[in-house]
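The structure appears below as structure tokens.
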Amino acid sequence: MLVLSRQRDETIMIGDEVEITIVDIRGDKVRLGIAAPREIQVHRKEVYEAIRRENADAARVQVDDLPAGDRPLQAHHRSRPGDAQGVRRRPVKP
Amino acid sequence: MRIETSRFGNVDVDEARTIRFTKGLLGFPGYTDFVLLEAGDESSFWWLQSTQKPDLAFVVTDPGLFVPTYKVPVREPQLTDLGAGSPDEVQVFVIVNKRENMLTGNLQGPLVVSVHQRLGEQLVLSDRRFTTRVPLMEIGSKMHAASA
């Protein structure tokens, strides 16, 4: 990790397109201003990590985890209301 | 098109129904294409099934069914990226998880999908009122009734 010291109003550049400015320093809290192109998402790391972990956990859910009424009786998949075309399932030929 | 799924076997889906998450979902960056499959009759839940990885699927739901106060801010640049003309053209889903007997929703990382262009993105909300595990529905009692 690169460690730099900056004072209020000073800026760091990351690559050509990302800028981080120290907007304010108050006690233990630093306010950072981040300028980055739209396609680069900027998030507090702990929130990003929490979502990433939750996605990984949720990916383990199986059909049996849902209430009985919510399991496909014969895996037929109808259109959602308002859909012009839905999901159709044909039996797999033996 | 026919897709392979680990949970439902081979399923025929209309390719036009594909939802593309151009950045993938957090933690699953390589998988962009998904379809929505219904979970069953009168269900509040759908399966968001990857068309690229048979065992990759998420239960999703409309958070408005469970948390009426939940609102997801979608900014202009995000609307543009999704090809949506207005927030009315965007549908919000949340990924559902199961912990013990509770189904929970990740309201901190909702999925927003443009209904016409069928482009999606997982947002990271900074509003700390909503967590990654908001209780939606307890399932223990319903399962007992079903087996009676």
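Every heavy atom of this structure was used, including side-chain atoms; hydrogens, water molecules and symmetry mates were not. Note that the structure is a prediction, hence the values are computed from the model and not measured. Just so we're on the same page: letters track the sequence lines, and every chain starts at 1.
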Practice task
Write down the atom of Phe8(B), the atom of Val63(A), and the distance for their closest heavy-atom approach.
Solution key: CE2-CG2, 3.7 Å

Practice task
Report yes if the side chains of Leu103(B) and Leu66(A) come closer than 4.5 Å at any heavy-atom pair, otherwise no.
Solution key: yes

Practice task
Against chain A, label Ile95(B) side chain, backbone, both or neither, depending on which of its atoms sit under 4.5 Å from a heavy atom there.
Solution key: side chain

Handout entry: Ala59(A) to Leu56(B) - nearest heavy-atom pair and separation
Key = CB-CD1, 4.3 Å

Exercise for the section: Following the transitive rule for hydrophobic clusters with a side-chain heavy-atom cut-off under 4.5 Å over Ile, Leu, Val, Met, Phe, Trp and Tyr, establish whether Val23(A) and Ile34(A) coincide in one cluster. Expected result: no

Fill in the blank from the handout: Bottom line for Thr22(B): the part with an atom under 4.5 Å from chain A's heavy atoms is neither

Problem - Atom pair NZ/CD of Lys98(B) and Gln62(A) - distance to nearest 0.5 Å - result: 11.0 Å

Practice task
Using non-hydrogen atoms and a 4.5 Å limit, figure out which bit of Val124(B) sits close to chain A: side chain, backbone, both or neither.
Solution key: both

Fill in the blank from the handout: dist Asp64(A):CG -> Arg7(B):CZ (nearest 0.5 Å) comes out at 11.0 Å

Handout entry: Whether over 12 other heavy atoms sit under 6.0 Å from Arg8(A) CZ
Key = yes

Handout entry: Shared hydrophobic cluster, Val115(B) / Leu119(B) (ILVMFWY, side-chain heavy atoms < 4.5 Å)
Key = no

Practice task
Could you look at Thr80(B) and say if it's the side chain, the backbone, both or neither that has a heavy atom under 4.5 Å from chain A?
Solution key: side chain

Handout entry: Proximity breakdown for Glu121(B) and chain A, heavy-atom pairs closer than 4.5 Å
Key = side chain

Exercise for the section: Flag yes if more than 12 heavy atoms outside Arg44(A) fall under 6.0 Å of its CZ atom; otherwise flag no. Expected result: no

Exercise for the section: Examine Leu65(B) and Val96(B) and state if one hydrophobic cluster contains both, with Ile, Leu, Val, Met, Phe, Trp and Tyr joined whenever side-chain heavy atoms are less than 4.5 Å apart. Expected result: yes

Fill in the blank from the handout: If one checks every heavy atom of Leu123(B) against chain A at 4.5 Å, the contacting part turns out to be backbone

Practice task
Residue by residue, scan residues 70-77 of chain B and write down, ordered by number, those that have a heavy-atom distance under 4.5 Å to chain A; if none do, write 'none'.
Solution key: Pro77(B)

Handout entry: Atom CD of Glu15(B): over 12 foreign heavy atoms under 6.0 Å
Key = no

Handout entry: Connected via hydrophobic side-chain network under 4.5 Å: Phe66(B) and Val134(B)
Key = yes

Exercise for the section: Please go through Met1(A)'s hydrophobic cluster and name the other residues, only I, L, V, M, F, W, Y counting, with side-chain heavy atoms under 4.5 Å joining them. Expected result: none

Practice task
Under 4.5 Å heavy-atom distance to chain A, tell me which part of Leu48(B) shows up: side chain, backbone, both or neither.
Solution key: neither

Problem - salt bridge (Lys or Arg N to Asp or Glu O under 4.0 Å) partners of residues 79-94 of chain B, not counting sequence neighbours, each pair once - result: Arg38(A)-Asp81(B)

Handout entry: Path from Leu26(B) to Phe21(B) over hydrophobic side-chain contacts below 4.5 Å
Key = no

Exercise for the section: Output the residues of residues 48-57 of chain A for which the shortest heavy-atom distance to chain B is under 4.5 Å, in residue-number order; output 'none' if no such residue exists. Expected result: Tyr48(A), Ala50(A), Ile51(A), Arg52(A), Glu54(A), Asn55(A), Ala56(A), Asp57(A)

